[in-house]
Number of protein chains: 2
Amino acid sequence: MSDAAPWLDDEEMSAWLPLIGLVMRLPGALDQSLRRDVGLSHFEYGVLAVLEQAEDQTMRMSDLAYLCNGSLSRLSHVARRLEGDGLLRRYACPTDGRSTLATLTDGGREVLKKAAPGHVQTVRDLIFDEFSRDEIRLLGDMCRRIIARIQAQ
Amino acid sequence: MSDAAPWLDDEEMSAWLPLIGLVMRLPGALDQSLRRDVGLSHFEYGVLAVLEQAEDQTMRMSDLAYLCNGSLSRLSHVARRLEGDGLLRRYACPTDGRSTLATLTDGGREVLKKAAPGHVQTVRDLIFDEFSRDEIRLLGDMCRRIIARIQAQ
DNA sequence: TCGGGTTGCTTGATGCATCAAGTAGTGAAG
DNA sequence: CTTCACTACTTGATGCATCAAGCAACCCGA
């Protein structure tokens, strides 16, 4: 936390503007190809993708929400829709009656399989084709450091 | 554009996850303090802030939309609300009847003045206090390169 | 074992973003 | 001077995110 807070100088501004530009434009760019290919938003895709990597392809709602960078409320709404479309299923946790477990269905796996190649291509086109290995590591580190500060808020 | 599109490897994944984490969490973090302080979203604040820097504090809607990283439609809706709140005014462009010019009102300037210190503080807390000058330059460059690819889509 | 506090999740209302469609002005070819 | 395509913007409908409130289930101390 800085003591005084003078307005950003030119150098800072010429990093800040691109950063918010990125942050505001990337979600839309990611949504577009996924919507077109399989009718999912990037957030919905993320939910399924995280589930796929999970033990038994099953996860507590709150853990899922955290890993998907969204609120529990947002996830709850989205999970209702995805469940309605047969892409995941929810059931009460046997060991803790408060928790809900979400698990990927066969339909969900299929949609993921269908969506993945196009999505990966988009990600490569937008990010990884642009940078060297070293730059990629650096980018990841910087993002992690900012996230840590957001969490600390 | 890469030829094949194999799934991301571990190194790529450990940059990709933080990047989308950042992109999904930063907007909310920026909205929060602005909402609390002056009841504006970050996008609305951005519209006013860009106008303030403009020649005569006035700008064509489409140029404004571009600089604010949003669609013209989004800006149009937002401008209607901001105009309703007396923070900006719109009027027909005298030289091109298709264009609309938006200009900052005194009320808009006041709100900006009230919002700026807290917002700058947030931005410093989240970003600039974390990084050296060199890192900041680097971050800006990387974001610019990604944006260029998004635009090229 | 019972009360208060906490956790985990869902829901309904509100407000915002997005998309497609519509209107109107402009420029340029014929 | 008219028509056609294009640009600039607005609008209305839909669907999504967010917030506050609510409801169980759990935990823990007395």
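Numbered from 1 within each chain, the chains take letters A, B, ... in sequence-line order.
Rounded to an integer number of Å, the gap from CZ of Arg36(A) to P of dC19(C) is 12 Å. Across the protein-nucleic acid pair, Leu64(B) atom CG and dT10(D) atom P stand 11 Å apart, rounded to whole Å. Separating the CD atom of Glu44(B) from the C1' atom of dA17(C) is a distance of 12 Å, rounded to the nearest angstrom. If you take CG of Leu75(A) and P of dT18(D), they are 12 Å apart, rounded to a whole angstrom. Across the protein-nucleic acid pair, Arg74(B) atom CZ and dT10(D) atom P stand 16 Å apart, rounded to whole Å. In this entry the distance linking NE2 of His42(A) with P of dC16(D) reads 16 Å, nearest Å.
For the pair Gly28(A) and Leu101(A), both in contact range of DNA chain C, the more 5′-proximal nearest nucleotide belongs to Leu101(A). Comparing Arg80(A) and Gln32(A) by the nucleotide of DNA chain C that holds the closest heavy atom to each, the one mapping nearer the 5' end is Arg80(A).
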Between N or O atoms, less than 3.5 Å apart, protein on one side and nucleotides 12-15 of chain C on the other: list the pairs.
{"from": "dG12(C)", "atom 1": "O6", "to": "His77(A)", "atom 2": "NE2", "distance (Å)": "2.7"}

Report each atom pair, protein N/O against N/O of nucleotides 5-8 of chain D, whose distance is under 3.5 angstrom.
{"from": "dA8(D)", "atom 1": "OP1", "to": "Arg60(B)", "atom 2": "NH2", "distance (Å)": "2.8"}

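Listed by chain and residue number, nothing satisfies the salt bridge (Lys or Arg N to Asp or Glu O under 4.0 Å) test with Asp10(B) (two or more places apart in sequence, or in another chain).
A salt bridge does not link Asp31(B) with Arg36(B): none of the charged nitrogens is closer than 4.0 Å to a carboxylate oxygen. Between Lys113(B) and Glu52(B), no side-chain nitrogen of the basic residue sits less than 4.0 Å from a carboxylate oxygen of the acidic one, so the salt-bridge criterion is not met. A salt bridge links Glu135(A) with Arg145(B): the distance from a Lys NZ or Arg NE/NH1/NH2 to an Asp or Glu carboxylate oxygen falls below 4.0 Å. Using a 4.0 Å cut-off between a side-chain N of Lys or Arg and a carboxylate O of Asp or Glu, Arg89(A) and Glu83(A) do not qualify as a salt bridge.
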Original post:
Going through the checks in order, is the side-chain contact (heavy atoms from CB on, under 4.5 Å) test met by Arg25(B) and Ile146(A)?
Top reply: CA-CA 10 Å; Arg25(B) 301 186 119 112; Ile146(A) 298 174; over 6 Å; no
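Using the six-membered ring where Trp is involved, His119(B) and Trp7(A) have ring planes that are tilted, between 30° and 60° apart.
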